[in-house]
Amino acid sequence: MKTFETKHPYFWLILGLVLTVFSYGIFNTGICAWIFAIPLIRFINNRTKWSSIILMLVGMILAANITFFRLVDDDFNISNQLFCTFNGIRIWFPFFVYFLCRYLKAKKIIAYYAFPAAVAVAEFFIDNPFISVMTSLSVSQFWNLGLMQAASVTGVVGVSFIVTLLASLVNYIWEEGARKSTVANISGYGIAVVVIMSIGMSSVETITTTDQTVRVAAGVENFNLLLEDKSILERYTGSDEEKMIQANVDIITERAKRAVQNESALLVFPEDAFACSEPSSEKFIEQVKTIARENKINIILPLLRMPLDESQKKKNTLNFINKDGELLNTYLKNHLVPVVEEPFTEKGDGKTPVIEVDGVKYTYLICADYTSNKYAYNGREADIFINPSYDWQAFQYFTSYGIQARAIECGFSVLRNPVNGNIILYDVYGRPLHMANVMNVHTGMIYLDIPKQGRQTIYGASGNWFPWLCAAYSLIAILSGFVVKEK
């Protein structure tokens, strides 16, 4: 094997890049996340040269283009290329840290542990602000509930650390042989993974959260189709916008009545369900407040506020109206989708609302807001997290699985109700209680009984200590090479 590696070192690079494509992005294959780094580390072990690590960077950028390009826009766009290039650098960064450790002659075992530590650093500190948790390697482990419970202690990057450490230790025993130190490290790792998964599954199986629930009515329609169906608007009088507002008020009224008949306490709609000009928005909200008061139901109202002046930006908002007809909060989307949204939409103030109604604490974010670590974390005191969204086909499962991590980290139940995607409900342990494809659904309501009691997690209480610890270790591992050199 040594002879083969010496003659054909680029075999490992090519194999590693292929596995990388199936480890990130829309492919996100669970088993590939565990093994993709094995051949890439083999490549560095056989080619500790600057030209080799730069070549790997080019390959990672190519892999990122394959996995992420269609998620934003199908057409060529220079912003898309920068977006994909940034993701390629982010995936490459842990290998660069490992390369520096080996290049500077740090102890091998120190370098091997630096790799998964750098993965955690990359996912937390330098991850693309739009992609974030959705392309964390941990998302590929959504089915592995026992392992995913580690996120309640370390945050989701801790799961990625556990997964990628396997590649390091496989290479350690491959390079050093079956010696006392290598066997001790791989055996300790195996025992630790089994213990972590066992404790995780034990907590999931023995503790239930479905005893007390609150019923939520979720609209799954694409209300923007009203713009295309002229027969609907012809029933009303006035300007086009006045007709649209009247139609939307009737829709919300009808949905509110149905929700109350089904004993729902909260009515929610997908992102961008309703839109009007900025001057008309207050009048529209007043009408919805009347609907809430008359039907005695809480409403989370998504409203896209359009400026009259084209030089100004639109506002993507969620408005929480309680059953007494009071507007408790207006939330402005923070985490804007690059290329298709960011240039045209006003960014929020970064605050995460937590609203308590009838003894239940709700927090809510719009679509990609959940991908950012800080926004979900700031709402960790809530019992239920509502995430109105607007997906498209490439995102259909990608976003559905990614949001599981937020439920486990912060200990709240999560309802993600999108247009053109999967409506999904997770409990506080990340168990999927409901999932349904609502792609191209034009009408309908779904009624879900959501566990209304959250739980306190270690991560929720202590914050992001783990990625900071990994950052410190990565730096010390690199600097240790200079110490060895001096000796």
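The model shown is predicted, which means the values in this text are computed figures rather than measured ones. If you read the sequence from its start, that first residue is 1, and numbering goes on from there.
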S.K.: Quick one about T352 and R380 (side-chain donor to acceptor, distance below 3.5 Å, no hydrogens or angles considered), yes or no?
M.R.: no
S.K.: Closest approach of A150 and V159, non-hydrogen atoms and distance?
M.R.: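 The answer is CB-CG2, 4.2 Å.
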S.K.: Compute whether any side-chain donor of one residue and acceptor of the other, for Y24 and N87, lie under 3.5 angstrom apart.
M.R.: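 The answer is no; no qualifying pair exists.
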S.K.: Under 4.5 Å between any side-chain heavy atoms of Y362 and E356, yes or no?
M.R.: no
S.K.: Measuring only between side-chain heavy atoms, which start at C-beta, is F320 closer than 4.5 Å to L328?
M.R.: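 Yes, side chains in contact.
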S.K.: Determine, using ring centers only, whether Y377 and Y459 are less than 6.0 Å apart.
M.R.: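 Ring-ring flag for Y459/Y377: true, centres closer than 6.0 Å.
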S.K.: Tell me, do N319 and I300 make a side-chain contact under 4.5 Å, heavy atoms counted?
M.R.: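 No, side chains not in contact.
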S.K.: Looking at Y473 versus W468, is the centre-to-centre ring distance below 6.0 Å?
M.R.: no
S.K.: Test your reading of the model: is there a side-chain donor-acceptor pair from Q246 to the backbone of T237, 3.5 Å cut-off?
M.R.: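 Yes, because the side chain of Q246 sits within donor-acceptor range (under 3.5 Å) of the backbone of T237.
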S.K.: If you measure from OG1 on T253 to CD on Q287, what distance do you get to the nearest 0.5 Å?
M.R.: 8.5 Å
S.K.: Before accepting this row, confirm whether a basic side-chain N of the pair E278/R305 lies closer than 4.0 Å to the acidic partner's carboxylate O.
M.R.: yes
S.K.: Given the side-chain rings of F161 and F466, with only the six-membered ring counted for Trp, is the space between their centroids under 6.0 Å?
M.R.: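 Centroid distance F161-F466: below 6.0 Å, so yes.
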S.K.: Within a radius of less than 6.0 Å around NZ of K315, do more than 12 heavy atoms belonging to other residues, nucleotides or ligands occur?
M.R.: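 It does not: K315 NZ has 12 such atoms or fewer within range.
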S.K.: For S168 and L165, run side chain to side chain contact (heavy atoms under 4.5 Å, CB included): C-alpha distance rounded to whole Å, both residues' side-chain angles, the deciding distance at 0.1 Å, then the answer.
M.R.: CA-CA 5 Å; S168 286; L165 181 54; 4.3 Å; yes
S.K.: For a quick test of reading the model, state the closest non-hydrogen atom pair linking N417 to G219 and the distance between them.
M.R.: ND2-O, 4.2 Å
S.K.: What's the separation between atom CG in N422 and atom CG in N437, rounded to the nearest 0.5 Å?
M.R.: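 Here the rounded value is 5.0 Å.
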S.K.: To the nearest 0.5 angstrom, please state how far the NZ atom of K452 sits from the OG1 atom of T213.
M.R.: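 Answer rounded to 0.5 Å: 7.5 Å.
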S.K.: Counting distance only, does the side-chain N/O of Q261 pair as donor-acceptor with the main-chain N or O of R258 below 3.5 Å?
M.R.: no
S.K.: Would F36 and V18 count as a side chain to side chain contact (heavy atoms under 4.5 Å, CB included) if you check the C-alpha gap in whole Å, the side-chain angles of each, and the deciding distance to 0.1 Å?
M.R.: CA-CA 8 Å; F36 86 102; V18 171; over 6 Å; no
S.K.: Flag the pair F125 / P467 as yes when at least one side-chain heavy-atom distance between them is below 4.5 Å, and no otherwise.
M.R.: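 Answer yes - side chains close enough.
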S.K.: Checking Y375 against Y370 for the ring pair (Phe, Tyr, Trp, His ring centres under 6.0 Å) test, could you report, in this order, the C-alpha distance in whole Å, the side-chain angles of both residues, the deciding distance, and whether it holds?
M.R.: CA-CA 7 Å; Y375 300 131; Y370 94 78; over 10 Å; no
S.K.: Using the rule given for salt bridge (Lys or Arg N to Asp or Glu O under 4.0 Å), can you reason through K289 versus E286, listing the C-alpha separation, both sets of side-chain angles and the distance that settles it, and then say yes or no?
M.R.: CA-CA 5 Å; K289 287 164 66 174; E286 286 299 322; 3.0 Å; yes
S.K.: Regarding S264 and N262, do their side chains bring together a donor and an acceptor under 3.5 Å, going by distance alone?
M.R.: no
S.K.: With rounding to the nearest 0.5 angstrom, report the CG to OH distance, N387 to Y426.
M.R.: 12.0 Å
S.K.: Do other residues, nucleotides or ligands put more than 12 heavy atoms under 6.0 Å from K243 NZ?
M.R.: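 Yes.
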S.K.: Do we see a donor-acceptor contact under 3.5 Å between the side chains of S203 and Q149?
M.R.: no
S.K.: Taking atom NZ as the centre, does K347 end up with more than 12 heavy-atom neighbours from other residues, nucleotides or ligands that are less than 6.0 angstrom away?
M.R.: yes
S.K.: Between Q404 and M148, is any pair of side-chain heavy atoms under 4.5 Å apart?
M.R.: yes
S.K.: Give me each pair satisfying salt bridge (Lys or Arg N to Asp or Glu O under 4.0 Å) with a member in residues 404-417, each pair once, sequence neighbours excluded.
M.R.: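 Listed by first then second residue: D391-R416, R406-E409.
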S.K.: Do T29 side-chain atoms and C32 backbone N/O form a donor-acceptor pair below 3.5 Å?
M.R.: no
S.K.: Quick check for you: to the nearest 0.5 Å, what is the distance between N334 atom CG and L365 atom CG?
M.R.: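 That separation rounds to 8.0 Å.
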S.K.: The test is side chain to side chain contact (heavy atoms under 4.5 Å, CB included); show your working for F284 and S281 and say whether it passes.
M.R.: CA-CA 5 Å; F284 179 47; S281 61; 5.6 Å; no
S.K.: Out of curiosity, M445 CE to L267 CG, how far, rounded to the nearest 0.5 Å?
M.R.: 5.0 Å
S.K.: Write down the atom of A33, the atom of S23, and the distance for their closest heavy-atom approach.
M.R.: N-OG, 3.7 Å
S.K.: If you count heavy atoms of other groups shown closer than 6.0 angstrom to NZ of K283, is the number above 12?
M.R.: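 12 or below, so no.
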S.K.: Compute whether any side-chain donor of one residue and acceptor of the other, for S280 and S277, lie under 3.5 angstrom apart.
M.R.: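 S280 vs S277: donor-acceptor pair found between side chains.
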S.K.: Is the distance between the ring centroids of F385 and Y364 less than 6.0 Å?
M.R.: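 No, the ring of F385 stays outside the 6.0 Å limit from the ring of Y364, centre to centre.
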S.K.: Considering only heavy atoms from C-beta outward, does the side chain of L145 approach that of R431 to under 4.5 Å?
M.R.: yes
S.K.: Using a cut-off of 6.0 Å, state whether more than 12 heavy atoms not belonging to E381 lie near its atom CD.
M.R.: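 Atom CD in E381 is not crowded, with 12 or fewer foreign heavy atoms closer than 6.0 Å.
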S.K.: Given side chains that start at C-beta, do those of D250 and Y236 come closer than 4.5 Å, heavy atoms only?
M.R.: yes
S.K.: In sequence, state the C-alpha distance, the side-chain angles, and the governing distance for D449 and R215, and then conclude on salt bridge (Lys or Arg N to Asp or Glu O under 4.0 Å).
M.R.: CA-CA 4 Å; D449 294 313; R215 174 157 288 195; 2.9 Å; yes
S.K.: Looking only at side-chain N and O atoms, does N464 offer a donor or acceptor that is under 3.5 Å from a partner on N373?
M.R.: yes
S.K.: So C367 and K333, do their side chains get closer than 4.5 Å, heavy atoms only?
M.R.: yes
S.K.: Donor-acceptor pair, distance only, cut-off 3.5 Å: does the side chain of T154 make one with the backbone of A151?
M.R.: no
S.K.: List the atom of V249, the atom of I291, and the distance in Å for their closest heavy-atom pair.
M.R.: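 Looking at all heavy atoms of both residues, the shortest contact is O-CD1, 3.7 Å.
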S.K.: Indicate the atoms forming the closest heavy-atom contact of E346 with K313, along with that distance.
M.R.: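 For E346 versus K313, the nearest heavy atoms are N-CB, 3.6 Å.
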S.K.: List the steps and the verdict of side chain to side chain contact (heavy atoms under 4.5 Å, CB included) for I450 and L425.
M.R.: CA-CA 8 Å; I450 304 179; L425 171 63; 3.9 Å; yes
S.K.: So which heavy atom on S136 is nearest to which on S160, and how close?
M.R.: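 For S136 versus S160, the nearest heavy atoms are OG-OG, 3.1 Å.
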